[in-house]
Amino acid sequence: MDADINFYFDPVCPFAWMTSKWVRQVQAQRDYTVDWRFISLRLVNAEVDYDAQFPPEYEAGHTAGLRLLRVAARARAEHGRAAMAPLYAAFGARIFDTAPDPVDDRPEATRRERRGTREFVEPILAEAGLPLALAAAVDEESWDHEIRQETDEALSLTGKDVGTPIIHFQPPEGVAFFGPVISRLPSRDSAVELWDHVTGLAAFPGFAELKRSLRELPQLAGLGVEEGTTGQQEDWHGGSRRQKK
């Protein structure tokens with residue numbers, strides 16, 4: 001597929017979801033095409049000791065993300081690349097734009113683990129207009145090779161010390177970089193202004209990086225941060241939630 005940008009996402013990454021919402025805002029105003037591609041945080045961190053370096057719920061969340069990407073890979077194989085935009089939109093709406101159940105007192109790791117189940121995926125597939133039978137792919141490890149290839153493809157464009165999303169502008173020759181990481185969705189007019197600034201950087205072949213590790217928790221109902229409020233600021237060491245030893 002020839003596209004103006006390739007957008008590499010993991011469906012359980014809130015920052016990738018927020019950036020994707022911004023990209024869709026721009027698509028609605030500019031004639032851009034997007035190829036929604038895969039990057040698995042679980043595979044990126046395959047050699048990481050989760051117990052030592054991440055908060056306790058992260059391994060369950062990243063594993064669920066891989067299982068959701070298996071469903072996406074099968075959907076793409078059977079229904080084409082056009083199925084990715086509505087499927088990712090349905091993933092994000094269910095995971096991040098839906099407020100958590102106030103009476104759900106299960107541990108956070110258990111809630112995140114459930115995202116990788118058929119029970120969780122089937123209504124998402126229905127929302128995206130796709131067959132519920134695709135949910136069986138959560139357990140189909142045969143898709144992991146394809147997901148790993150696409151993850152490696154993304155990292156080959158940026159280097160390995162990154163997270164999600166990765167955006168490749170004007171592929172295959174254009175520049176790719178991690179981010180932009182945003183915690184708030186811009187207004188309709190500001191969305192295009194921000195896009196022009198980012199693509200201006202991307203157009204310069206010598207551009208390498210802008211970076212800060214302090215981030216606000218994104219304004220997403222699923223994270224308990226309502227629109228118009230400011231999420232708690234956190235320090236993401238090395239672009240992740242790896243804990244200092």
Side-chain angles (χ1 to χ4, degrees), residues 1-21 23-24 27 33-48 50 58-97 112-158 160 162-168 171-172 176 178:
M1 174 182 176
D2 294 328
D4 295 306
I5 68 170
N6 293 338
F7 189 107
Y8 296 85
F9 72 93
D10 187 307
V12 299
C13 176
F15 293 103
W17 174 241
M18 183 64 83
T19 300
S20 77
K21 293 172 72 171
V23 168
R24 291 175 195 264
Q27 276 191 285
T33 55
V34 180
D35 188 15
W36 303 96
R37 299 192 177 198
F38 311 144
I39 178 170
S40 167
L41 290 169
R42 188 64 187 85
L43 296 181
V44 168
N45 294 290
E47 305 303 320
V48 169
Y50 272 84
Y58 268 56
E59 184 170 15
H62 289 178
T63 301
L66 175 58
R67 292 165 71 86
L68 294 178
L69 285 175
R70 292 171 182 167
V71 175
R74 180 172 167 184
R76 187 171 67 182
E78 296 182 8
H79 299 276
R81 305 189 85 89
M84 292 302 94
L87 180 56
Y88 183 28
F91 279 146
R94 182 61 60 93
I95 295 170
F96 297 116
D97 290 343
R112 295 193 185 196
E113 185 177 25
R114 181 180 176 274
R115 295 171 182 169
T117 65
R118 294 184 63 163
E119 176 188 18
F120 184 82
V121 171
E122 286 179 350
I124 293 174
L125 290 167
E127 178 69 22
L130 292 166
L132 302 190
L134 293 173
V138 295
D139 296 316
E140 294 172 357
E141 296 182 7
S142 57
W143 297 106
D144 291 2
H145 177 68
E146 180 177 341
I147 296 166
R148 183 178 294 279
Q149 282 188 318
E150 213 144 286
T151 296
D152 290 344
E153 173 185 289
L155 296 179
S156 74
L157 297 168
T158 61
K160 295 182 178 180
V162 297
T164 59
I166 289 174
I167 299 180
H168 190 185
F178 162 48

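All values below were derived from every heavy atom in this structure, side-chain atoms included, with hydrogens, water molecules and symmetry-related copies excluded. None of these values were measured; they are calculated from a predicted model.
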Flag side-chain contact, heavy atom, 4.5 Å: [X] against [Y]:
X: D2; Y: D35; result: no
X: E141; Y: R70; result: yes
X: R81; Y: R37; result: yes

Minimum heavy-atom distance between F96 and P11, given as atom pair plus value:
CE1-O, 3.4 Å
Closer than 3.5 angstrom, by distance alone: can the side chain of [X] be matched with the main-chain N or O of [Y] as a donor-acceptor pair?
X: D10; Y: L41; value: yes
X: T151; Y: S40; value: yes
X: R24; Y: A85; value: yes

Would you please classify the geometry between the W36 ring and the F9 ring as parallel, tilted or perpendicular, with 30° and 60° separating the classes?
perpendicular
Could you tell me whether E150 atom CD has more than 12 heavy atoms of other residues or ligands within 6.0 Å of it?
yes
One pair to check against side-chain contact (heavy atoms from CB on, under 4.5 Å): H79 and R74. What are the steps and the verdict?
CA-CA 8 Å; H79 299 276; R74 180 172 167 184; over 6 Å; no
Answer yes when R94 and E127 have at least one side-chain N-carboxylate O distance shorter than 4.0 Å, and no when they do not.
no
Within 45° cone and under 6.0 Å: R112 NZ/CZ vs Y58 ring
yes
